[in-house]
Structure formats: C-alpha cells, structure tokens
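In what follows, every heavy atom counts, from backbone to side chain, and hydrogens, waters and symmetry copies are set aside. A, B, ... follow the sequence lines: proteins, then strands. Residue 1 opens every chain.
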There are 4 protein chains.
Amino acid sequence: MTELAELPAAPGAARTQGRPRSSRAHEAILEAVLDLLEEGVTVEALSMEAIAARAGVGKATIYRRWAGKDELLLETLIKLKGPPTQPLGDSVRADLIRLLSVVGQKDERAVRVMPCLMPEVSRSPEAYRIWQEAITEPRREVMREVLRRGVATGELRADLDLEVTVTMLISPLLLHRMVRWNPRLDEVDDLPEQIVDVVLRGVTA
Amino acid sequence: MTELAELPAAPGAARTQGRPRSSRAHEAILEAVLDLLEEGVTVEALSMEAIAARAGVGKATIYRRWAGKDELLLETLIKLKGPPTQPLGDSVRADLIRLLSVVGQKDERAVRVMPCLMPEVSRSPEAYRIWQEAITEPRREVMREVLRRGVATGELRADLDLEVTVTMLISPLLLHRMVRWNPRLDEVDDLPEQIVDVVLRGVTA
Amino acid sequence: MTELAELPAAPGAARTQGRPRSSRAHEAILEAVLDLLEEGVTVEALSMEAIAARAGVGKATIYRRWAGKDELLLETLIKLKGPPTQPLGDSVRADLIRLLSVVGQKDERAVRVMPCLMPEVSRSPEAYRIWQEAITEPRREVMREVLRRGVATGELRADLDLEVTVTMLISPLLLHRMVRWNPRLDEVDDLPEQIVDVVLRGVTA
Amino acid sequence: MTELAELPAAPGAARTQGRPRSSRAHEAILEAVLDLLEEGVTVEALSMEAIAARAGVGKATIYRRWAGKDELLLETLIKLKGPPTQPLGDSVRADLIRLLSVVGQKDERAVRVMPCLMPEVSRSPEAYRIWQEAITEPRREVMREVLRRGVATGELRADLDLEVTVTMLISPLLLHRMVRWNPRLDEVDDLPEQIVDVVLRGVTA
DNA sequence: TGATAAGCGAGACGGTACGTCTGGTCTTGTA
DNA sequence: TACAAGACCAGACGTACCGTCTCGCTTATCA
C-alpha cells in the first residue's frame, strides 16, 4: 500500500534514469516518525525538520516522496495499523466481537495519530482516498465477509444492508477509542459484546 | 455556554476595575471566524492574524479571551451548533429519527470545523471538557430522555444501557457526516430510519 | 546615515502606530555581524540565521529592517568605515598623502567586506545609491575640497578636472587594498607619496 | 590559459586510462554559462544546476573539471576577455590611450562577471593566482612594455617605477567600468586621454 | 473630578517551522 | 573510466504564524 502515498515521479515518464530512490531513506523516515511518536512527541509537535534530523535525511528527501506532513503521517498510520485482523471462522457473533475488540487497541500510537489526520482527510480528496483504500475499506470488507456468512447460513436476514450494519458495528467503537466521544462508556467493559448483541438481535432473520 | 471557554480574568480578584471588556470586540471576533469560514477559508488556514485583521481587533484582544486558536474555534463551534434539537414527544421511534436526522445537517460550517477540533480535543483535557459539556453531552441527554420514556412505557427493555444505546444511535451518523467514514452510505437515503429500526428491534422489551 | 538602508516602514503613512522598532535589536544585529566577522567568519559564510541567532533576534526582525543580506552588510560597512578622515589643512600635498594613507587601513574587516559587496553594488541601483551616498561620495568630497584649495592658491591648474583627479588619486590605493590588484605594489612602501607626486606634477599650474 | 583552472586529474598519475574526458562537454559547459549570461541571468542567479541543464551535462561532469562555481566563472571570464589588446607601436601616448580605451569595453558580460568574482578572488589564494596570471598580469605586461619603450627613448624618466605607473593608469578606468566608482565620470568622454596626459606629464623626463 | 486601572488597535518582538533551492557528492545504467 | 540523470545529505533562504510585549489611546470605576 506504500505506493499509494508516493508522488508520481514523472507523470508519464520512464522513471528509470538516474539514481534510484533509496529504500533505506524511505524506511528511515517512517522509522523516525514512529520513534518520535514513541517518545511521546505530540503529533502536532512533529516537525518535518525533526523527522529529517532524526532520520539522518535531508528535508528534500522527504518532500520528494510525500507532499507534506499529512501524507507522511497517513502512510505512517497505514504502516502502524498493518493488515486488518482476520476472523477465526467461529460463530458470526464470536467473529464480530473479535473484530470489534481490536479496534484502536493494537498500537497506542495509531490512536494518537488518527484524530490528527481527520482535518486532512476531511479536506483533501486525495488523502481521503488513500485513507479509505488502505485503512477503512479493508476493515469493512473483513466484517462484511463475516456478515455475508451469516446471511448465507440463514442466521441473518437476507435483505440485510451490509453497509449500514458494518457502520453500526464499528462506529461506536471507533469514535470511542479515537476521541472518547461518550466518556461514560469507559466503565463499560464488554462494549463489543453489547454492541454485537444489539445489532445481531436487530438483524436476525 | 459561551463562558466555558473564557479565561479566568483574574483568579481570585475583583475584576471590576479598569475598562471592561468590550462585547463588541468579542462578537466581532466570532463573526470574523464565521465570515472567513463562510468564504471558504480552510480551518487550518485560519490564522489568528487573519481573524484579528478581519475583526478589526488587536491580536492581544483575542488572546485575552481565549487561550489559543483551538479554544476560539471550539467556542465558534458551540455558537454554530446552538442548543440541541428537541424531540417532539411523538413516538420513541419518530423522536429518535428526528434527532438523528439533524446530526451534522444544520450548518455546513460546523461539519467543516468539527474534524479540525479532533486533534485538540483528543489531546487537551480542557478542550475535551468543554467539548463534552457544551456539545456532546447535551445532545446525548436529549436522546437519553427519549429512551427513558420508552423504558417507562415498557416499550423498551428495563435493563437497557442508556449510554451504549445512545452511542450506537449517534455514532454512525456522526462519523458519516464528519468524515464520511463509509462512502457507500452516501446512497442510503433513510439512514436514520434504518439505524433506529435496527437498534430498537435490538432493545425492544 | 543609518536610515539610508532602512526600508520604508509604510510608503506614505504615519508610522507612529504600534510598537516602535527596537533600537536595541537594531544595534544587536549590527554588532552580531561585526562579531562574526571579527571571529573570522567569511562574509559569504555569514548566514542570516547565524546573525539572528548571535544577535538573539528573530529573522523577521532583520528582514523588517533590511531587504536582504547585502543591504545589511552595506549598512555594516557604513558603520565600520565611519566618517571620512579629515585633512589637517597643511599643504595640499601633505593633506592628500594623509587622505590616501588611510584608504582601507582603518579596520581590517571593512577590507574584507567591501569586495563582497561589489556584486550587489554593481547590480542593484538601490545598493549602488546607498554605497555612493554613504561611502564613496563623502570621501571624494573631502579630497575635492583639498584640491579646490590648491586651485584657489594658484598651486594647481585652474582648469583642473576635479572628478578625474580625485579618481586618479584614490583608485590605485582602493584597488590595491581591496583586491591587491597589482601584487608587486606590496613592496612599495610609500605608495601614497608616489601617487600624489605624480598626479600633482601632472596637474601643477 | 584554460588549463590553469583545471583540477589536476590525478596528482602524479598517468591520466590515460578509461574513457577520456569529452571536450564536447567542456565546451558545452562554458557555452552554457555564456548563453545564460547573454540572456540576462544575473551572475549570482546562475546555479550549477541551471548550467548543467543548459549544457545537457551532469553536474558531476562540471565538478570533475572545476572545483566550484567561482572557478568555473573565472575560466569563463578568461575566455570572455581573450588575449590582451596589443599596442600599435605608435607614440607612447597613443599606445597608452589605445590600451586604456578598451578596458572593460570588449564584452558587456565580462563587466558583469568581474565584480562577482571579487569576493572569491579576495578570499581564495588559488582563485587570486589564476586571476592574476590569466587576466591582470598579461595586461600589465603589455602596458609595461610600452612604458619601457618610453624610458628607452628618453621620453620618460629613467627612474620611473613601472608598477606604480601601470597601476595609476589602469586603476581609474577599471574601477569606473567595473563598479562605476565615481558616477560623475560618466560625463567625461575622453577619460583615457586625460588620465594618460596627467600621468605622462607627471613622469616625463 | 481627577486618578488609576484595565482594555483597546496596531504592530514589533523572539521563536519555530515551513517548503524551496542550491551546493557538492554519490549511485544508477549506458557508452 | 567518463557520461547523463537524478537522488542523496546538508543547510540557508525568505515567509508565515505563533503568542507576547510595548506603544499611545480610550473608557470605565473609585476616591
């Protein structure tokens, strides 16, 4: 997915001449961002200058790959989140609970980065596209697949709207982990179960 | 709610001597922010200098009232959103649909501002507090009240968890309006109804 | 002469509103340049960043006063050179020798700065104007006055061309001190006397 | 004179192995500099990248031949100026006037380049050496020869100091053409004659 | 009524980071 | 080995804002 964020090297050109881009530099930059986040640097306090310095890289080397801080952070987030969790193929209920349980729980840094990308994602169509393709859509698809299985077995209603259902399942968790939208949910320790149960009962055949 | 964002003028002091703060300036500043947003200025492109210039006000006059751009934007958002929509007292279902239908629909500018406050809200406890008290909590409370009515009439289960239910109702709409989390929902035109129906069926007595 | 290099604060405006420019900062900047030169920093290695850092001043504070490095250096040079040496009113010959003897001899730093301003002076009409008004013209005028005295006493030809004569007197010294145009003159220890004698013999009545 | 500026290919080595340096590239680089100057590009706006691009040459190919921009410009200046004007062998006076008349008059670009080399020449002993050997010294020598003829014929004083005299003759013209040191000389149209006459009268036997 | 205290618009202040550019070097593939 | 291309590290450039600090003024309250 890395190349999603890459700037086109030359619109319709060969891109084979000259010294090739150093993958060493590429990795070093992403590592530098992760390191700095690890050390507790606020996302908004992350400066391109600090990243370049930490990575031992010239600033131009960063701008050659990403159009700005947001694009770089976006790719960092993608790297941070990795591929979506896979269902185990147990019951539909168990799989959904499993999928919801890991929302925003794998890496603390991802939870810090995500809200900071909301401004960019809501403004730039390009950032939105990358975010969708690399982060949200793959996770929705995994969950859709589980739901489709439920429909196939007759466990779930045949006229179920997959998109609505998926969104209803994930949104509460996402909003809670990302910005703690409803602080009273802090005390609910089986939130994924509760959500899955309500939705399943609502969409059972 | 406006005064939530106000800096304490002087911790334990009289605050009556000297020239009082000009409410004219106060209004002019908020108006300036709204004007600039209206004109299509990106939230992140909004600079204190531009706001001050537009309001015909010195920068210090802004900082005397708000601690920074985020606090100012937060108050702007509060002003923009106004008091929460009230239920009409019809059926529980109709009231819930009504409440969900207005999420992020009243003023286009609010939808643009909100994602930009997520970084601040997720970082600063103070901003989080204001955001909760002035924006999210009042809206949750309105919805809780409707649900309580349903419980009282026996229409809804008695052991219903209000917080979970409220969050399940609002989150999908909020996330969709704010950052269009699932673009396929664009084509669903009765989203509030569908959500309410699934949840109600899931929590019916 | 300092204000020659100043940018107009506002073309035709009052320039009395707002916080006034800090003369402390102004001095600190010029001092910083001199300090750095003193420490042996090459003129072309002088960076605005280093100057700002050394002066304890923001870069904008420099750019508010000077349009660029060259203008700043020009004013530094003016400060460095100070007012022109005055003749003692002895014989015309003695006065001219005295004036020529100090060309490029007062401060070693001025001799290092001057060649570095040649590119700017030869390109920018504004820099040229300042350089002429503040540096070269005052020195020519002092020398013209001595020559006029010689004409008045009948010692020098009445049809003497002051400009040509002044230029003939100063140019060899200037070029020698500035870029050591003819290195063999290093061994001539009475260069001012020789030049004055040749020119005086050439223009005696 | 070109090879003055060349870097030693390998201190005491054969320099015959491998692909020989392309004289095509060498010429193309110098031509590129001249072209860009012709087009009005400021000397300080001349970048190595622009030169390389214009010459259709890699930057390394430039650095393989010259140590930096200044050395390249210096060689360009040498090429631009060509060999010194030769005296016609007329009278000493006529020859001197002829020599002075061409100072800075042959190619407009040379006059623009020269002031820009002053910083380098005044700082780098190596640049100074090349400048002296290839530009200033040959021109002084031509003029010395004319003066020696005058001494031989008894027209000029036998104890004449050739270096002082040569410097006195050329400096005013040089400084005027290069940086217009005294703008009032713009109106003097027989400057070479006047200078020669004053100096000759001053050094006549 | 006059002193005093705080607020006002304006804009300079010390900083920090931005994104761009250039310098001089290095690394490809090709000749 | 040189070449064209172009990426590399480094760091200065000039700009834009940040949040604070003077200015000279205005506008209140309190003596």
Asks: Identify the residue among D/Val43, D/Ile78, D/Ile51 that makes a side chain to side chain contact (heavy atoms under 4.5 Å, CB included) with D/Leu73.
Replies: D/Val43
Asks: Using whole Å, report how far CD1 of D/Ile62 lies from P of F/dA2.
Replies: 16 Å
Asks: Is a side-chain donor or acceptor of D/Ser124 paired with a backbone partner of D/Glu120 at a separation under 3.5 angstrom?
Replies: no
Asks: Roughly how many Å is it from CG in A/Asp70 to P in E/dG19, rounded to a whole number?
Replies: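 One finds 9 Å between P of E/dG19 and CG of A/Asp70, rounded.
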Asks: Name the residue closer to the 5' end of DNA chain E, choosing between D/Leu46 and A/Met48 according to the nucleotide with the nearest heavy atom.
Replies: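 In this pair, the answer is A/Met48.
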Asks: Considering only nitrogen or oxygen atoms on both sides, find all protein atoms under 3.5 Å from nucleotides 9-11 of chain F and state each distance.
Replies:
residue	atom	partner	partner atom	Å
F/dC9	OP2	A/Thr61	OG1	2.8

Asks: Do side-chain atoms of A/Thr61 reach the backbone of A/Val57 as a donor and acceptor pair under 3.5 angstrom?
Replies: no
Asks: Report the distance from atom CD of C/Glu71 to atom P of F/dC13, rounded to the nearest whole Å.
Replies: 15 Å
Asks: Dump the pairs, protein N or O against N or O of nucleotides 26-31 of chain F, anything under 3.5 Å, distances to one decimal.
Replies:
residue	atom	partner	partner atom	Å
F/dT26	O2	B/Arg19	NH1	2.8

Asks: When the nearest nucleotide of DNA chain F is assigned to D/Ser23 and to B/Ala45 on a heavy-atom basis, which residue is associated with the more 5' position?
Replies: D/Ser23
Asks: Rounded to the nearest 0.5 Å, what separation is found between the CG atom of A/Leu37 and the OG1 atom of A/Thr42?
Replies: 9.5 Å
Asks: In this structure, how many angstroms lie between the C1' atom of F/dA16 and the CD atom of B/Glu44, rounded?
Replies: 14 Å
Asks: With C/Arg54 as reference, evaluate C/Glu39, C/Glu38, C/Glu49 under the salt bridge (Lys or Arg N to Asp or Glu O under 4.0 Å) test and give the passing residue.
Replies: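 Of the listed residues C/Glu39, C/Glu38, C/Glu49, the salt bridge (Lys or Arg N to Asp or Glu O under 4.0 Å) partner of C/Arg54 is C/Glu39.
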Asks: Return the value, rounded to whole Å, for the distance between atom CH2 of A/Trp66 and atom P of E/dC18.
Replies: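 Rounding to the nearest Å, CH2 of A/Trp66 and P of E/dC18 are 15 Å apart.
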Asks: Closer than 4.0 angstrom, basic N to acidic O: yes or no for B/Glu31 and B/Lys79?
Replies: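 Judged by the 4.0 Å cut-off on N to carboxylate O distance, B/Glu31 and B/Lys79 do form a salt bridge.
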Asks: Short question: side chain of B/Ser23, backbone of B/His26 - any donor-acceptor pair under 3.5 Å?
Replies: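 It does not hold such a pair.
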Asks: Take the protein atom CD1 of A/Ile51 and the nucleotide atom C1' of E/dT16, then report the distance between them rounded to whole Å.
Replies: 15 Å
Asks: How would you list, by chain and number, every residue that makes a side chain to side chain donor-acceptor pair (under 3.5 Å) with B/Lys69, sequence neighbours excluded?
Replies: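 So B/Lys69 forms no side chain to side chain donor-acceptor pair (under 3.5 Å) with any residue.
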Asks: Between E/dG24 atom C1' and D/Lys69 atom NZ, what is the distance in whole Å?
Replies: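 Between C1' of E/dG24 and NZ of D/Lys69: 12 Å.
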Asks: Is the closest basic N to carboxylate O distance between C/Glu75 and C/Arg65 below 4.0 Å?
Replies: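 So C/Glu75 does not pair with C/Arg65 through a salt bridge.
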Asks: Does D/Arg65 place a side-chain N or O at less than 4.0 Å from the phosphate oxygens OP1/OP2 of F/dC3?
Replies: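 Answer is yes, contact under 4.0 Å.
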Asks: Separation of A/Tyr63 atom OH from E/dA17 atom P, in whole Å?
Replies: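 Atom-to-atom, A/Tyr63 to E/dA17, this comes out as 12 Å.
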